[in-house]
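For reference, positions follow the sequence shown, starting with 1. These numbers come from the heavy atoms of this one structure, side chains and all, not from hydrogens, waters or symmetry mates. Just so it is clear, the model here is predicted, and its values are computed rather than measured.
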Amino acid sequence: MTSSPAIVILGPSALATARRIQALYPQAVIHGLSGRVEADQAYDDFGDTLRSLYRSDTPLIALCAAGIVIRSLAPLLANKGAEPPVLAVAEDGSAVVPLLGGLGGVNRMAREIAAELQVSAAITTSGELRFGTCLLDPPSGYVLADIEQGKRFVSDLLGGESLRIDGDAPWLEQGKLPMAEDAGRTLHITTAQRTARPDELLIHPRTLLALVDSADDLAARIGQAFEQAGLAQKSLAALLAPAALMTDRGLAQAALELGVPLRFITPGSALPGVVEQHDGLQLLQAASPEAAQTIGRPRGRLSVIGLGPGAAEHMTPAVRRALDEAQDLLGYETYVRMAEPLRDDQVRHCSDNREELQRARHAFELAASGRRVVVISSGDPGVFAMAAAVLEALEEIAAPAEWHAVELQVLPGVSAALATAAKAGAPLGHDFCLISLSDNLKPWAVIENRLDHAGAADLAMAFYNPISKARPWQLGRALDIVRTHRTPDTVVVLGRDIGRPAEALRVLSLGELTPEMVDMRTLVIIGSSQTRRFPRGDGGEWVYTPRSYPQQ
């Protein structure tokens with residue numbers, strides 16, 4: 001499976017089964033019909049959603065009748081190339097039917113889901129029914145040389161031909177293949193590059209590694225080295241490079257284009273034997289695909305992410321992907337829980353919200369060892385959150401040099417201010433500022449000065465961390481300062497837990513606002529002199545600040 005599956009349901013009766021399947025694939029997102037069922041992500045049109053997910057190569061598990069799925073995807077199947085797995089599952093979990101994606105592992109997924117639901121998968125593929133395995137879908141670490149040759153080969157076996165295996169194919173040991181010493185067909189597990197004879201099938205093990213010295217013309221050099229040695233480039237398992245080249249963007253791009261991992265070695269690293277040398281690179285032969293994966297280590301990655309306000313539909317795909325790929329997750333425990341679903345093998349490092357620099361240093365230590373690490377914030381990581389703490393830790397004089405070799409990325413999220421503003425309409429539609437009323441990291445006098453200047457500039461203002469048990473008086477003082485610049489009828493928006501199940505939005509005036517209406521989970525927006533409010537059709541109010549400003 002190349003990406004996390006999408007579980008698509010039509011109503012609440014399918015939700016329990018969807019959650020059972022999600023337990024099997026924790027990164028799967030449950031898509032539910034808007035207005036009918038509460039799911040991880042809402043959609044409005046079933047057919048459009050299925051087609052969009054299919055086009056993006058997302059494995060699809062639809063909890064509905066198979067016919068609905070077939071009719072929805074039919075327009076996309078005329079020009080079929082590679083396709084993601086597509087399965088139909090009965091709402092009550094009583095049937096699992098693989099529909100598309102035989103070469104993408106759909107039957108394997110069907111068996112996994114069926115085992116979880118304690119039913120039998122409706123496998124209809126002739127080869128798998130007869131032989132208990134799919135020769136055309138080898139496991140990770142092995143790749144088919146020619147799919148068309150493979151189809152003819154399986155057809156011959158179904159027609160009565162017998163088989164012998166030349167090479168190591170451990171995944172076939174439990175199959176029911178027609179084995180014979182004098183077989184008319186041969187399955188070769190080989191790194192050799194050659195055209196298959198009509199009576200054989202070639203599968204290439206990924207056991208070769210290319211030790212390189214630079215990214216210059218690398219694809220061409222690797223191609224020439226493989227050709228010179230008579231080896232199949234499909235057997236390339238990874239690029240290896242000295243650790244000193246860890247930040248070389250050209251190498252990373254070359255590995256991406258070749259479709260293989262990039263890993264790094266240090267002086268004295270144990271390496272397998274050399275089978276070919278060519279123009280500054282060496283081809284190394286590992287004992288097995290599993291052994292090839294243990295040589296060298298990847299460049300560590302540290303992703304600083306923002307979950308958004310809380311609802312899964314407001315999380316960006318890039319953030320979800322970083323969470324799916326992470327080995328370690330660090331953050332305040334509440335935010336780590338908000339990042340669910342997570343896999344059991346992902347290590348959670350929860351800490352107090354006041355230990356941000358220690359958390360950032362710990363994250364760099366993990367990433368510098370070659371791990372994929374995510375530091376979690378709510379909202380946007382750059383808005384009163386962990387991105388600044390991570391960069392502060394990296395800039396420290398004592399920061400180890402290897403921290404600077406970590407692949408660091410900051411992935412944006414929907415901030416609390418933007419989520420609350422969108423729920424109300426557009427109160428931040430003109431110039432605005434964001435101010436944290438917490439004086440844990442800056443003096444209160446600085447906060448008062450900024451409030452005074454923002455009020456004098458007639459900026460709309462969004463207050464983060466407006467009040468707490470330790471700071472019960474500061475919001476009242478902040479409002480006193482704002483009222484020296486604003487009239488009592490200035491529009492105010494209070495957004496509490498926006499994007500979460502208990503969200504509440506309230507529109508009132510500055511004259512009505514009191515500190516008792518606000519807690520630490522409330523985002524306060526105070527409009528400018530131009531911010532307006534007017535009735536909406538459902539009985540609530542729209543709030544917006546016009547984009548134009550009166551000429552002085």
Side-chain angles (χ1 to χ4, degrees), residues 304-310 314 331-338 350-360 375-392 412-424 427-428 432-455 459-483 492-500 502-506 508 510 513-527:
V304 191
I305 62 100
L307 297 173
H314 293 151
Y332 181 45
E333 185 174 1
T334 299
Y335 301 155
V336 175
R337 286 200 306 268
M338 285 170 59
C350 299
S351 54
D352 188 271
N353 225 10
R354 292 166 292 185
E355 299 175 2
E356 294 179 340
L357 269 178
Q358 295 95 314
R359 184 185 304 148
V375 171
I376 302 173
S377 300
S378 67
D380 181 277
V383 179
F384 306 120
M386 282 301 302
V390 166
L391 291 171
E392 183 180 347
V414 178
S415 69
L418 297 184
T420 299
K423 186 67 66 172
L428 305 181
F432 67 92
C433 67
L434 309 179
I435 298 178
S436 171
L437 298 190
S438 170
D439 60 352
N440 286 336
L441 299 175
K442 61 181 182 288
W444 177 251
V446 171
I447 297 173
E448 288 197 354
N449 188 48
R450 291 176 178 176
L451 287 167
D452 188 42
H453 282 81
L459 297 173
M461 290 176 267
F463 293 164
Y464 282 70
N465 307 311
I467 198 167
S468 71
K469 291 180 180 179
R471 296 179 287 100
W473 58 271
Q474 289 168 326
L475 177 59
R477 174 60 186 148
L479 294 178
D480 289 341
I481 295 170
V482 171
R483 286 177 174 129
V492 173
V493 176
L494 304 181
R496 188 177 190 275
D497 283 343
I498 297 299
R500 304 179 192 180
E503 75 171 23
L505 187 79
R506 183 176 181 183
L508 65 162
L510 182 58
L513 178 61
T514 64
E516 291 73 28
M517 299 175 181
V518 176
D519 63 14
M520 197 63 176
R521 291 156 62 184
T522 305
L523 191 286
V524 180
I525 296 178
I526 297 179

inquiry  = Taking the side chain as everything from C-beta on, heavy atoms only, tell me whether Leu391 gets closer than 4.5 Å to Val304.
reply    =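 In short, these two side chains do not touch, never coming nearer than 4.5 Å.
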inquiry  = What I'd like to find out is whether the side chain of Phe432 reaches to under 4.5 Å of the side chain of Ile525, using heavy atoms alone.
reply    =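 Side-chain contact under 4.5 Å: no.
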Non-hydrogen atoms of [X] and [Y] that approach each other most closely:
X	Y	result
Pro381	Gly413	CD-N, 3.9 Å
His314	Pro309	ND1-CG, 3.6 Å
Met338	Leu307	CB-CD1, 3.7 Å
Leu513	Arg483	O-NH2, 2.8 Å
Ala417	Ala462	CB-CB, 4.0 Å
Ala460	Leu428	CB-CD2, 4.1 Å

query = Could you walk me through whether Leu510 and Leu479 pass the side-chain contact (heavy atoms from CB on, under 4.5 Å) check?
reply = CA-CA 8 Å; Leu510 182 58; Leu479 294 178; 4.2 Å; yes
[atom2] on [Y] to [atom1] on [X], rounded to 0.5 Å:
X	Y	atom1	atom2	value
Asp497	Leu505	CG	CG	12.0 Å
Ile467	Trp473	CD1	CH2	11.0 Å
Thr522	Asn465	OG1	CG	11.5 Å
Arg359	Cys350	CZ	SG	9.0 Å
Met386	Glu392	CE	CD	10.0 Å

note = Taken in chain and number order and not counting sequence neighbours, the residues that satisfy salt bridge (charged side-chain N to carboxylate O under 4.0 Å, His left out) with Arg337 are Glu333
query = Phe384 and Ser438: side-chain contact (heavy atoms from CB on, under 4.5 Å), yes or no, with the steps?
reply = CA-CA 10 Å; Phe384 306 120; Ser438 170; over 6 Å; no
key: Check against side-chain contact (heavy atoms from CB on, under 4.5 Å), Leu523 and Ile498   = CA-CA 9 Å; Leu523 191 286; Ile498 297 299; over 6 Å; no
key: Main-chain N/O of Asp380 paired with Ser377 side-chain donor or acceptor, under 3.5 Å   = no
key: Check: Arg506 side chain, Met517 main-chain N or O, donor-acceptor pair, under 3.5 Å   =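 Judged by distance alone, no pair lies under 3.5 Å.
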Of Thr514, Asp519, Val518, the residue whose pairing with Glu516 passes side chain to side chain contact (heavy atoms under 4.5 Å, CB included) =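 Running side chain to side chain contact (heavy atoms under 4.5 Å, CB included) over Thr514, Asp519, Val518 with Glu516 returns exactly one hit, Thr514.
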query = Step by step, would you call Arg500 with Ser378 a side-chain contact (heavy atoms from CB on, under 4.5 Å)?
reply = CA-CA 12 Å; Arg500 304 179 192 180; Ser378 67; 4.2 Å; yes
Using residues 441-448 as the side-chain source, report each donor-acceptor pair under 3.5 Å to any protein atom, sequence neighbours left out, with the distance given to one decimal.
residue: Lys442; atom: NZ; partner: Ser436; partner atom: O; Å: 3.0
residue: Trp444; atom: NE1; partner: Glu448; partner atom: OE2; Å: 2.6
residue: Glu448; atom: OE2; partner: Arg477; partner atom: NE; Å: 2.9

